[in-house]
Every structure is written in C-alpha cells, then in structure tokens.
2 protein chains.
Amino acid sequence: MDAGGKPRKASARLDGQAQNRSLERGLEILKAFRPGADVLGNSELAEKTGIAKATVSRLTQTLVTAGLLVHDPRARAYRLGATVLSLALAVRLGNPVLQAALPLMRSASDRLRVNVGLATADHDEMVYLDSVRYNRKSALRTVVSGQRVPIELTSLGRAYLAAVSEDQRVAFLRRLQTRRPAKFAVLEQQIVEAIDCVKQNRYCAAAWQLEVVALSTPLVISGLPVYVVNMSLSTPEPLPKVVERLHAPLLSLRSSILDAMDQSLAETSPPL
Amino acid sequence: MDAGGKPRKASARLDGQAQNRSLERGLEILKAFRPGADVLGNSELAEKTGIAKATVSRLTQTLVTAGLLVHDPRARAYRLGATVLSLALAVRLGNPVLQAALPLMRSASDRLRVNVGLATADHDEMVYLDSVRYNRKSALRTVVSGQRVPIELTSLGRAYLAAVSEDQRVAFLRRLQTRRPAKFAVLEQQIVEAIDCVKQNRYCAAAWQLEVVALSTPLVISGLPVYVVNMSLSTPEPLPKVVERLHAPLLSLRSSILDAMDQSLAETSPPL
DNA sequence: CCCCGCATTCCACAGAATGGAATTGATGGG
DNA sequence: CCCATCAATTCCATTCTGTGGAATGCGGGG
C-alpha cells in the first residue's frame, strides 16, 4: 500500500491542540465502524486508519476488554459492542433539549403527519439526536437517532450555519471550499440564501432528496451548542406549497421547545 | 481521597492482558457518564475514576476534539456528544441478530400486547439491544436500547447464564459471590433453578419487579455471543398464568429469529 | 501436505504520557 | 472593588508506556 512514503511522525497532527495519541487512535478505530462497515478485521482497520498493524492489534484488544468491540473469531473480525448502546442511552436521557423536545416532536408528528427531527452538528455533518418518522402504519414509525447528513446540502445544516457565530460559519465555508472546490460557488450561494431566509423568517427550506422537502429552524440556548428542529415529508408537491403549510407549525414547535427548556432550566437552578 | 496509599503502578491491572493505559482510561472516563450522571466536571471525573486531575484534563480535551464529549462552559462540565449516537446507530444497523429479529419482535409485540426485548451481556449486566415496549397509545410505544439490567435477578440474565459455557457461568458466580456475599445463597439457588428450567423448556421466567413478569429464552448462534429474547408485561396476574400464555409464543418467536438468522448467514457467505 | 494471509508476540528504542506543583481564570462574598 | 476560593489548565522533569519492524503462530484453502 502506502509502503513508500510513510511519514515518520504520523500525519503531522499540528492542530496546535495537545492530544493524547493512544486515545485519539483508539477512537479513530471505533469511528472506522459505520453503517456499511460493520465488521472489520485488524488489517482492514490498520489500512483505514493508517495505524501500524501491531498497534491496531493492541488497541482492539483494549477496546474488546472495555466492551466497546466484540471479537468474532468466525470472521476474524470485530464489531461494535453493546456498551456503545448504553453510552447512547446516557446521551439521550442526559440531553435536556431532547428530553424537552421529544414529546412535543411526537405530538407534532402525529398531528401534522410529517417527520420531525432534532439534530446538532458533529464536525462537518449534522447528526440527528432523534427523528420521529411519521408513517401511516404506526408499527413502522421508527425513531432514528445518530444518522448523519451533510451540512451544506440540507435545510438542517443551513439553519445551523445561520445560528452559529460568524467565525464558525466562515471556518466551515473555508473547509467546504477545500472539500468541494468544484461545487463551492453554487453551494455557497444556496447557503447564503438560506441564512438570509433564517434571519428574516427564522426558518429555511430545502429539498436535497428528490420529492422530499424539509424545513428547519435553529434552537439557540445559552451555554449549549446550537440545535436544529426540522419537519420533513415525502411528497410530490412543490416546495413553496409545503413551506406554506409547515412554516407556522414549525415555528410554533420551536417556541414550545424553547419554553419547555426555560422551564427545565429554571427548575434545575434553585430559585434566587 | 485515597491520598495515602497510591500504588506506583496504577492499581495493578494484573489481568495478564496487555492493555493500552491511555485508551483504557479515556474509555473509563466515557463510561463514567451514565443515566443520572449526565454532566461531569473534570474533578468529578478525576474522583470517580481515580485518575490524576491533570491527566483527566488532557483526556477530556482529546475526547472533546473527537466529538465524544462536548464542553458546557456554563456548567464547567462535559456531557456525552452526539458522535456517540452515530456509533450506536452503526451498532444497530450492523448487528445481524437485531436486524433479523426486530421486525419479528415488533409484530409479536403488537399481536400479544407485550414488551419484547433483545439483549446480550456486557460485563456483569445484560444490556438491551432493543426493547419494543407495548403500549395502548401507540404514540407512547417507545423503543429503548442500551438499558442495563442485572444478570442475577432477571429472567434475561438467567437465560443467558443457562446458555454460556460452564467456565463463564462459574466465573460469573464467583464474582457474584464476591459482590453479594449476603444474598449469594438464595440467588445461586434461583439461578440454578432457572438454568434447569431453560435446559428443560428452553425458557425461564422471573418477576424481579413488582407486578411485572418476564420470560426469556437464549439465542445461541455460532460465532456470535449469546443473545436473549424476552417478553414481559406489567400485570397483576400470577406468574404461572402469564407463563402459560406466553411460553409458546416466545419459543415460536425464538425459532423465527433463528430461521431468519440462518437465512441471512446463508446469503452472506457465498454458496459453496 | 504445504503455503499463504492474517493476527499476535517480541524487543529495543524513544517518544509520549504522567502527576505534582504552579498558574490562570472564573465566582461569589465581604 | 478587591480578595478568598475552587476548579481547570499548563509546566516540566521523570520514566514508563506505547510504538513498529520483524519473527512467530494460527487457520484455511489449494
């Protein structure tokens, strides 16, 4: 593979941030597991992450004894272990925004017959804390959490960009330019428009998948990262029509969530 | 705290297993977050894990840049980050047993009006991969994954013990004896009975919470850890009555899942 | 039976992690 | 307004711990 140009000091993580290399690498290994790459052997991991085989072997061992990975001797490979699910449960139960929002999201989804999601940013993607998906047959109403979608293409991500600080926004755009030099001009244009729309109306809309339209609105809560609520639906209707129908309910959901948050913040901090 | 007797070489992890200390510690920090301990500051973490403050500080920094932790400056504390949810989604999507079982679990839950869960062991607890909870009002049908329950008290755990190797079982009992010296005799008795019951009927039952009865049956699939399916329900009925009603459906669910697994295994491995 | 690929173990090296102490920074009371 | 307090971070000398190339083991397939 990369036998020739192996740089001495790994790939020069000159982030300026002091980091713990072993931990960093261990986490890289964890993150190498993603939907579609469920079972990975040591050499695949070594290849994906660029870490030496011997090192990978030791790291996977500790990950296994920690329960984050389980070894499948049949396949000579690892999968993510159930411990991860416990951590995820802790995230969900411990997230005040999700706790406040989820009941409201459910009832809104029921009432309006749309999908309602709550997401936040992770690196350069949005990740759903939860998305309650509306479905005629209630048995199929799945709840999906952890799904990742691009920031630049979705109403979710654009609403997020509209709410974060100038600094963060330009930093993101810079990275985007590096990642997608070709499409950058048009993307930036769309993003700017969406941000303007949010500044004016507190929401923006997009249809990045064929026949599915989504509206999103940011949730800015002091001390917490920016969250975004969205409503989406699969329909042949044109975008403006859907926007007209959903923008008011979305903003109302937004207010309810913010109210609920204020309340829970109030009861957390003792009365002055 | 333990200011006096600080052993030089950490707490002598003489597991015999070579372990990566930094990674191990970083993961310990992650695991310190659990439902009920959502937001933790560096010093709390240092106290909980016994790791030096300076070290904790560096590890949390790494965890933050990896996205597994987010810093809340307001509270001078950390919470688990959304990245964890993505990992959890990868677990769920990548777990062949869950994928095979979930639709069957859903329909069984609907049909029988009971909760249906799938779990496996993690250290000395069982953790639900998923539990589809039955509820009259379909809007409240939550799906819980990652919840932990004790092995020794639950039908889930006892069915698990019945299916693992002799070695693992006695190892667990030994640890149990250490952890619960007082209650050990009675617990062991109950466990042995449950195991006998599984050996005879392929399921066992228990009611470890007041008015909630559960039946469980182990799923042994070569090359994978032992999984357990259970059905549970909150009812004032006496245990035998519930057992009579649910044992057949449970075993039938078990068979369906095993069949589905065989099928998916078959299509995974190319035809010989 | 032998070979091949992958995982694990070994080993010498040095880079990286460690923790006590000092520093910085934020909070709240006087 | 300033100081006392508490927590988080940074510093720095020490050395332990992680590292990766090579050797060894382990299975499976031809």
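Bear in mind that the values here come from a model prediction, so they are computed numbers and not experimental data. Below, each value reflects all heavy atoms present in this structure, side chains not excepted, and no hydrogens, waters or symmetry copies. Naming: A, B, ... by sequence-line order, numbering from 1 per chain.
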So, is [X] close to the [N] phosphate, meaning a side-chain N or O under 4.0 Å from OP1 or OP2?
{"X": "A:Thr55", "N": "D:dG20", "answer": "yes"}
{"X": "B:Arg25", "N": "C:dG19", "answer": "yes"}
{"X": "A:Asn20", "N": "D:dG18", "answer": "no"}

Go through the structure and list residues passing side-chain hydrogen bond (donor to acceptor under 3.5 Å, both in side chains) with [X], not counting sequence neighbours.
{"X": "A:Ser216", "result": "A:Ser155"}
{"X": "B:Arg74", "result": "A:Ser222"}
{"X": "A:Tyr128", "result": "A:Asn230"}
{"X": "B:Thr83", "result": "A:Asp122"}

Axis-to-axis angle across the helix from C:dC1-D:dG30 to C:dG30-D:dC1, five pairs an end, to 10 degrees?
40°

side-chain contact (heavy atoms from CB on, under 4.5 Å) involving B:Ala163 - partner list, sequence neighbours excluded
B:Pro218, B:Val220, B:Val226

Let me have a per-nucleotide readout for nucleotides 6-12 of chain C, 5' to 3', with B, S or -, counting only protein heavy atoms under 4.0 Å.
SSSB---

Would A:Gln147 and A:Ser131 count as having a side-chain donor-acceptor pair, cut-off 3.5 Å?
no

All pairs passing side chain to side chain donor-acceptor pair (under 3.5 Å) where residues 32-46 of chain A contributes a residue, at least two apart:
A:Asn42-A:Thr60

N/O donor-acceptor pairs under 3.5 Å from side chains in residues 86-98 of chain B, not counting sequence neighbours:
residue : atom : partner  : partner atom : Å
B:Ser86 : OG   : A:Gly146 : O            : 3.1
B:Ser86 : OG   : A:Arg148 : NH1          : 2.7
B:Arg92 : NH1  : B:Asp130 : OD2          : 3.3
B:Arg92 : NH2  : B:Asp130 : OD2          : 2.3
B:Asn95 : OD1  : B:Val97  : N            : 2.9
B:Asn95 : OD1  : B:Leu98  : N            : 3.0
B:Asn95 : ND2  : B:Tyr227 : OH           : 3.0

